[in-house]
Amino acid sequence: MLAGLRFTSLRLRLVVVFALVALTAAVLASGIAYWLNREAVLTRAQDAALNDFQQEMQNHASALPTHPTQSELQRTAGVMAQSSQHFSVLLIGTDEDGNTVVGNSDLDRFTLEDVPRSLRDAVNRKQNLGEHNSSAYHLYWQRTEEGGTPYLVGGVKVIGGGPTGYMLKSLEPEAEDLDSLAWSLAIATALALVGAALLAQAAATTVLRPVHRLGTAARRLGEGKLDTRLRVSGTDELAELSRTFNRTAEALEKRVADMSARDEASRRFVADMSHELRTPLTAITAVTEVLEEELDAETGSVDPMIEPAVRLVVSETRRLNDLVENLMEVTRFDAGTARLVRDDVDIADQITACIDARAWLDAVELDAERGIMARIDPRRLDVILANLIGNALKHGGSPVRVSVRTEDDGVDDVVIEVHDHGPGIPEEVLPHVFDRFYKASASRPRSEGSGLGLSIALENAHIHGGEITAANSPEGGAVFTLRLPRDIHPEPVAGEENGRDGAGSAARPAGSGGADGTGGASGSGGGRGSGAAGSDAGGKGTEGEDQEK
């Protein structure tokens, strides 16, 4: 019954406590019962034997002459031993010559040496007569044991002159009765212990079954199954606890439903706002491109007084366009509609294409062997790389070192490290580098980036089943580590699009616009992280700046 129970389980503790209480109660009850019965049995046997012996002494020993002969003592002892108590008798007197004579009912079985010395002294000691002592001699007794058998020894002296008598009675029958009683009480104690354990098991099951159901329901609630409810029966404390749980679960479900509805409404608002902003932004972008061409024209048709304002409008329009594209991408991730378009890609070639498209060749050192293949979405990998490298160039400074290696720790992964030579990332900032809109410096709330680049990079890594971590290198500078499963020959996965069909082109050049509306290569801008637009032919690069180091 207890084999499958843990020592720390509540069920086992209940059973042990019940058993200990029952054992203690049973042992105490059995001990008291044994002691009371033992005293009653021994006292009854003792009183009966002593009373009979005293009566025999009065009837027979007192009738002997003051100086009896040995034959008279022997005959009288034999007559006294025939009483109903079946004790042995020893009579001791003195003859007319002053010699000690002894009469024994059992010949040599009961001798004076069998009588304890203290008992003999007490029997032969003459008492002084007084108010509370009307007799010079009294009956004395003592319990002894010989060879494992208990005996009762009694002695008395005939008042007024006469022999001294001793009796010896075996208490073995009473001892056997007491042994039987002890065994009976031990069996009763064992049965009480077993019964208590069974009762404790039943009580624990009755008490713990609702607790177990409550634990299971709480676990299901923690797993997100907010419709979990307990069946309530009764009016005890456990029933009230179940009702409280149901009310709590109902309130939690309503609260989560409200929050989910508000979150969904917020996502729809961001998505709708982003889509609505694209139309005017397209027109504004076209105008700013014309203004930029006028600024770059040799004719100098733009008034020098308004040239700074024009350049600010061009820069801010690009920034707003990048922010809208990032918000749309974040909305896709939140809504779970982002899809992978996988293809077998040479990692070194993909990194080279990303660096070349943004004119970072002079600022980035590449340490990657060609031939390391991975089945990934090239466009999303380009977004990740552009954000990591652009962030390193902007905040860490060149040269930025990009290294590629493979790891086989049970899962075949490709690891890409982006290491800059800047001051590193403050320790208090490290846990937040991938948070959306997080800025490390509160005194510089405005920057060229949207604060979404690294967050989007992390989401793109997650959708591949990978991870990005940020740390400070012991050699100085920050290290961003991208880990992606190579998954070179995967089984078809539902929800993913393979080849060149579907959500976007798998082999689209770095920086080209994606079919899902996301800007192509995500970067921190053009050459050496200057913040200008990338040199890619299609679309503007998604802003890659995320953190102020």
Side-chain angles (χ1 to χ4, degrees), residues 38-129 132-179:
R38 178 178 182 275
E39 290 301 314
V41 169
L42 292 179
T43 301
R44 184 172 61 250
Q46 169 186 295
D47 290 347
L50 292 176
N51 289 335
D52 194 39
F53 173 66
Q54 188 172 22
Q55 187 66 36
E56 292 294 327
M57 286 292 293
Q58 290 178 359
N59 294 338
H60 301 284
S62 61
L64 291 173
T66 304
H67 300 287
T69 63
Q70 195 275 336
S71 61
E72 291 175 334
L73 290 179
Q74 189 75 29
R75 183 174 59 256
T76 302
V79 172
M80 293 175 61
Q82 294 177 1
S83 73
S84 60
Q85 293 299 317
H86 303 292
F87 43 68
S88 299
V89 178
L90 177 67
L91 296 178
I92 300 175
T94 57
D95 57 13
E96 294 179 352
D97 298 331
N99 298 321
T100 300
V101 291
V102 177
N104 194 324
S105 64
D106 293 334
L107 299 180
D108 294 334
R109 285 189 55 190
F110 180 34
T111 63
L112 191 60
E113 284 73 17
D114 296 327
V115 180
R117 181 69 184 180
S118 59
L119 180 63
R120 281 183 279 167
D121 293 342
V123 169
N124 293 317
R125 186 182 303 116
K126 188 175 182 179
Q127 306 290 328
N128 294 323
L129 301 179
H132 302 289
N133 191 18
S134 59
S135 177
Y137 296 98
H138 298 281
L139 174 65
Y140 294 93
W141 59 270
Q142 185 173 341
R143 294 174 190 165
T144 62
E145 184 174 330
E146 183 178 349
T149 303
Y151 290 93
L152 174 65
V153 181
V156 67
K157 192 175 183 66
V158 175
I159 300 173
T164 301
Y166 296 97
M167 56 84 65
L168 178 69
K169 176 177 175 55
S170 173
L171 297 177
E172 187 173 5
E174 287 75 12
E176 291 177 353
D177 292 342
L178 291 175
D179 288 342

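Basis for what follows: all heavy atoms, side chains included, without hydrogens, waters or symmetry-related copies.
Contact of the Tyr166 side chain with the Asp114 side chain is not registered, since no non-hydrogen atoms from C-beta on lie closer than 4.5 Å. With a 4.5 Å cut-off on side-chain heavy atoms, Met167 and Met80 do not count as touching. Between Glu56 and Thr76, every side-chain heavy-atom pair lies at or beyond the 4.5 Å cut-off. By the 4.5 Å heavy-atom criterion applied to side chains, Arg120 and Leu112 are counted as neighbours. You'll find the side chain of Ile92 reaches within 4.5 Å of the side chain of Thr100, heavy atoms only. Taking the side chain as every heavy atom from C-beta outward, Val102 and Thr111 never approach each other to under 4.5 Å. Side chains of Leu168 and Leu90 form no contact here, defined as non-hydrogen atoms less than 4.5 Å apart.
Considering CG of Asp52 and CG of Asn59, their distance stands at 9.5 Å, rounded to 0.5 Å. To the nearest 0.5 Å, atom CG of residue Asp95 and atom CD of residue Glu72 are 10.5 Å apart.
Annotation for Asn104 and Ala77: closest pair C-CB, 4.1 Å, computed over non-hydrogen atoms. Residues Pro68 and Val101 share a closest heavy-atom pair of O-CG2, 3.6 Å. Summarising the geometry of His67 relative to Glu96, their closest heavy-atom pair is CB-N, 3.7 Å, with the distance given to 0.1 Å. The two residues Pro163 and Leu73 make their nearest non-hydrogen contact at CB-CD2, 3.9 Å.
Of the residues listed (Val123, Asp47, Leu119, Leu152), the one engaging Trp141 in a side chain to side chain contact (heavy atoms under 4.5 Å, CB included) is Leu152, and it is the only one. The side chain to side chain contact (heavy atoms under 4.5 Å, CB included) with Met57 is formed by just one residue from the set Thr164, Leu91, Leu139; it is Leu91.
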